[in-house]
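Residue numbers start from 1 in every chain, and the chains themselves are labelled A, B, ... in the order their sequence lines are given, proteins ahead of strands.
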Amino acid sequence: MSFEFEVVATDGNARAGILHTPHGDIPTPVFAPVGTAATVKAVPPRDLEELNIGLVLANTYHLHLRPGDELVREMGGLHSFMGWNGPLLTDSGGFQVFSLGEINRIDDEGVTFRSHLDGSAKRLTPARSMEIQQNLGADIIMAFDQCPNPSDRDEAQAANERTHRWLRRCREAHPDDNQQALFGIVQGGVFPDLRQASARFVTETDLKGYAIGGLAVGETKPEMYLTLDETIPCLPQERPRYLMGVGEPDDLVEGIGRGVDIFDCVIPTRLARHGAAFTHDGRINLRNAKFKADETAIDAALNNYASRFSRAYLRHLIVAKELLAYYLISLHNIDFLARHVESMRRAIIAGKFREYAVKFLPRYLRLDLTTE
RNA sequence: GUGGGCGUAGCUCAAUGGCAGAGCACCUGAUUGUGGUUCAGGCGGUUGAGGGUUCGAGCCCCUUCGUCCACC
């Protein structure tokens, strides 16, 4: 039963489903907040439970360096260690090696890089990534991949070849999905033929889910949407599709409308730490002086613990660099995205996804329809 | 009362007699498989006041106001 995926409803290309995991069922589409260092920054697991968060992502690279995946295993695994008993996913470490590692050498077997913490030399290979992720013990683990510059065709081509080669190694090192499900990752930059070739290769390997990587890394939104249009039809209907690193509210609508089931993104918590909050009328920067005496809540449509506080108070907390600001705004932003995705799931089941999208997007993007 | 120091952006302070600046604060923007201390941009001045010397004064001279210190 574990890791089986049921599609319970479709509406156009959008689907509503259930992904079964050893730590509970995940209703999809789902948005996963990111807990890099075994914590969704500033938000305790209790709150994530109250917000009905279906999935949390943790980072292999960061946890391998600190506190160490061996320690996490000794402490009973990531669920126990971080006090989150719901479904967990770990990324492979590939993205961080490329985005954080200052000095690194890529070869066909893996990546040599320097720790961003102490500069010590480290090496990550597909087999090593699997070993680390097994030590961490998340429900879903990701193949070790290479994320190229999306608009550099030669680099995207080379990254495809490595990513595909490495997927085989990952499957060999993690041969069954009894305890942890391995997801493969499609690369290919913004080039349709490379994406399709990657999707063909990756889906030849039987995996519990397929991810689309290498997006939201510098390309434009239209490029990202077109790439999804080209890629998703190459993925099997009966497996969950995971768009990695994407989570702006409009992108969630665009992704779900194209058939994506799983998202993760740092944006709700990162924006919160910079004082920005999601509302149905678009993103607001609570640091702005215009909120100095604003007695309203961030977004009247939400009802979470942050809802009882005024924008004026939250602005004060941000300006004063009070820790409570990080907690309350992170809570709000995660709630916003969770309710947003939950609403889309209900809309899909009711056959009203398009209605939701055409209502949500113009308001969120603040489009003036009267001039069109 | 006498002697001395200091008065420059909201704050702390720079600036040989030669285009008045910096840091912080304030204001605005950015952040998509994490980047709480980051980055970018912007607002901001009758240099305490008045007079003088000079081609030219934040700087030199005089007066005055404020402030701090020391000594009667």
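Taking the six-membered ring where the residue is Trp, His116(A) and Tyr61(A) present parallel rings, their angle staying beneath 30° rather than reaching 60°.
When the P atom is used for both C13(B) and C62(B), the distance is 26 Å, rounded to whole Å. Using atom P as the reference point in both A40(B) and G18(B), the two lie 32 Å apart (nearest Å). Distance noted for atom C1' between G45(B) and C60(B): 23 Å (whole Å). Between G7(B) and G50(B), the distance separating the two C1' atoms is 16 Å to the nearest Å. To the nearest whole angstrom, the two C1' atoms, one in A9(B) and one in G42(B), are 14 Å apart. Across the P atoms, A25(B) and G52(B) are found 42 Å apart, a figure rounded to whole Å. Separating the C1' atom of U12(B) from that of C26(B) is a span of 16 Å, rounded to the nearest Å. Spacing of C1' atoms, A15(B) relative to G3(B), comes out at 29 Å, to the nearest Å.
Contacts between residues 167-186 of chain A and RNA chain B, defined by a heavy-atom separation below 4.0 Å, involve Ile185(A), listed by number. Listed by residue number, Arg273(A), His274(A), Arg283(A), Asn285(A) are the residues of residues 272-285 of chain A with a heavy-atom contact under 4.0 Å to RNA chain B. Remark: Asp91(A), Ser92(A) in residues 85-94 of chain A come within less than 4.0 Å of RNA chain B through at least one heavy atom.
With U31(B), C27(B), G29(B) as the candidates, the nucleotide lying closest to the side chain of Leu271(A) is U31(B). Closest approach to the Ala289(A) side chain among G33(B), U32(B), C27(B) is made by C27(B) (side chain taken as heavy atoms from C-beta onward). Among the nucleotides G33(B), G35(B), U32(B), the one closest to the side chain of Met244(A) is G33(B). For Cys147(A), whose side chain is taken as the heavy atoms from C-beta onward, the closest listed nucleotide among G35(B), G33(B), U28(B) is G33(B).
Judged as a ring pair (Phe, Tyr, Trp, His ring centres under 6.0 Å), and not counting sequence neighbours, Tyr225(A) has no contacts. The ring pair (Phe, Tyr, Trp, His ring centres under 6.0 Å) search around His332(A) returns none, not counting sequence neighbours. Looking at residues two or more places apart in sequence or on another chain, you find a side-chain hydrogen bond (donor to acceptor under 3.5 Å, both in side chains) between Glu223(A) and Thr220(A). Listed by chain and number, the residues in a ring pair (Phe, Tyr, Trp, His ring centres under 6.0 Å) with Tyr326(A) amount to none (sequence neighbours excluded). Taking the ring pair (Phe, Tyr, Trp, His ring centres under 6.0 Å) definition, one finds that His79(A) meets it with His23(A), sequence neighbours left out. Every residue two or more places apart in sequence or in another chain was checked for a side-chain hydrogen bond (donor to acceptor under 3.5 Å, both in side chains) with Thr227(A), and none qualifies.
Nucleotide U37(B) holds its P atom 8 Å from the NZ atom of Lys321(A), rounded to whole Å. As a whole-Å value, the separation of Leu117(A) CG from G35(B) C1' is 13 Å. Taking atom NE2 of residue His64(A) and atom P of nucleotide G33(B), one finds them 21 Å apart after rounding to whole Å. Atom NE2 in His116(A) sits roughly 7 Å away from atom P in G35(B) (whole-Å rounding). Distance Leu63(A) CG to G33(B) C1': 14 Å, rounded to the nearest Å. With rounding to whole Å, Phe95(A) atom CZ is found 9 Å from G35(B) atom P. Rounded to whole angstrom, the span from the CG atom of Leu124(A) across to the C1' atom of G33(B) amounts to 14 Å. Atom CZ of Arg315(A) and atom C1' of U28(B) are 12 Å apart (whole Å).
With 3.5 Å as the limit, one finds no donor-acceptor pair spanning the side chains of His316(A) and Glu322(A). Looking at Thr112(A) and Arg123(A), their side chains do bring a donor and an acceptor atom within 3.5 Å of each other.
Under the 4.5 Å side-chain heavy-atom criterion for ILVMFWY residues, no single connected hydrophobic cluster contains both Leu226(A) and Val260(A). Cluster membership for Phe309(A) and Ile334(A), using ILVMFWY side-chain heavy atoms within less than 4.5 angstrom, is shared.
Counting non-hydrogen atoms under 4.0 angstrom, Lys221(A) reaches a base of the nucleic acid. Asn288(A) comes within 4.0 angstrom of the backbone, heavy atoms only, and of no base. Residue-level contact check: Val40(A) touches neither bases nor backbone, having no heavy atom under 4.0 Å from any strand. Within 4.0 Å of Glu322(A), counting heavy atoms only, lies no atom of the nucleic acid at all.
Each of Tyr326(A) and Asp145(A) was assigned the nucleotide of RNA chain B with the nearest heavy atom; the assignment lying further toward the 5' end belongs to Asp145(A).
Under 4.0 angstrom from either OP1 or OP2 of C27(B) there lies no side-chain N or O belonging to Arg287(A).
Taking the O4'-C1'-N9-C4 or O4'-C1'-N1-C2 dihedral as appropriate, G50(B) has a value more than 90° from 0 and is therefore anti.
With rounding to the nearest 0.5 angstrom, the SG atom of Cys147(A) is 8.5 Å from the CD atom of Glu155(A). Residue Arg128(A) holds its CZ atom at 11.0 Å from OG1 of Thr60(A), rounded to the nearest 0.5 Å.
For residues 349-358 of chain A, the set of pairs meeting the side-chain hydrogen bond (donor to acceptor under 3.5 Å, both in side chains) definition, not counting sequence neighbours, comprises His340(A)-Tyr356(A).
Using a 4.5 Å cut-off on side-chain heavy atoms (C-beta onward), Asp47(A) and Tyr327(A) make contact.
Counting distance only, with no hydrogens placed and no angle test, the side-chain atoms of Gln133(A) and the base atoms of G33(B) include no donor-acceptor pair under 3.5 Å.
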Show every donor-acceptor pair shorter than 3.5 Å between a side-chain atom in residues 237-250 of chain A and any protein atom, with sequence neighbours excluded, or say none if there are none.
from      : atom 1 : to        : atom 2 : distance (Å)
Arg239(A) : NE     : Leu207(A) : O      : 2.7
Arg239(A) : NH2    : Asp206(A) : OD1    : 3.1
Arg241(A) : NH1    : Gly259(A) : O      : 3.0
Tyr242(A) : OH     : Asp264(A) : OD1    : 2.6
Glu248(A) : OE1    : Lys221(A) : NZ     : 2.6
Asp250(A) : OD1    : Lys221(A) : NZ     : 3.3
Asp250(A) : OD2    : Lys221(A) : NZ     : 2.9

Exercise. In dot-bracket form, how is RNA chain B paired, counting a Watson-Crick or G-U wobble pair only if both its distances are under 3.5 Å and using | for bases paired to another strand?
Worked result: (((((((..((((....[..)))).(((((.......))))).....(((((..]....)))))))))))).
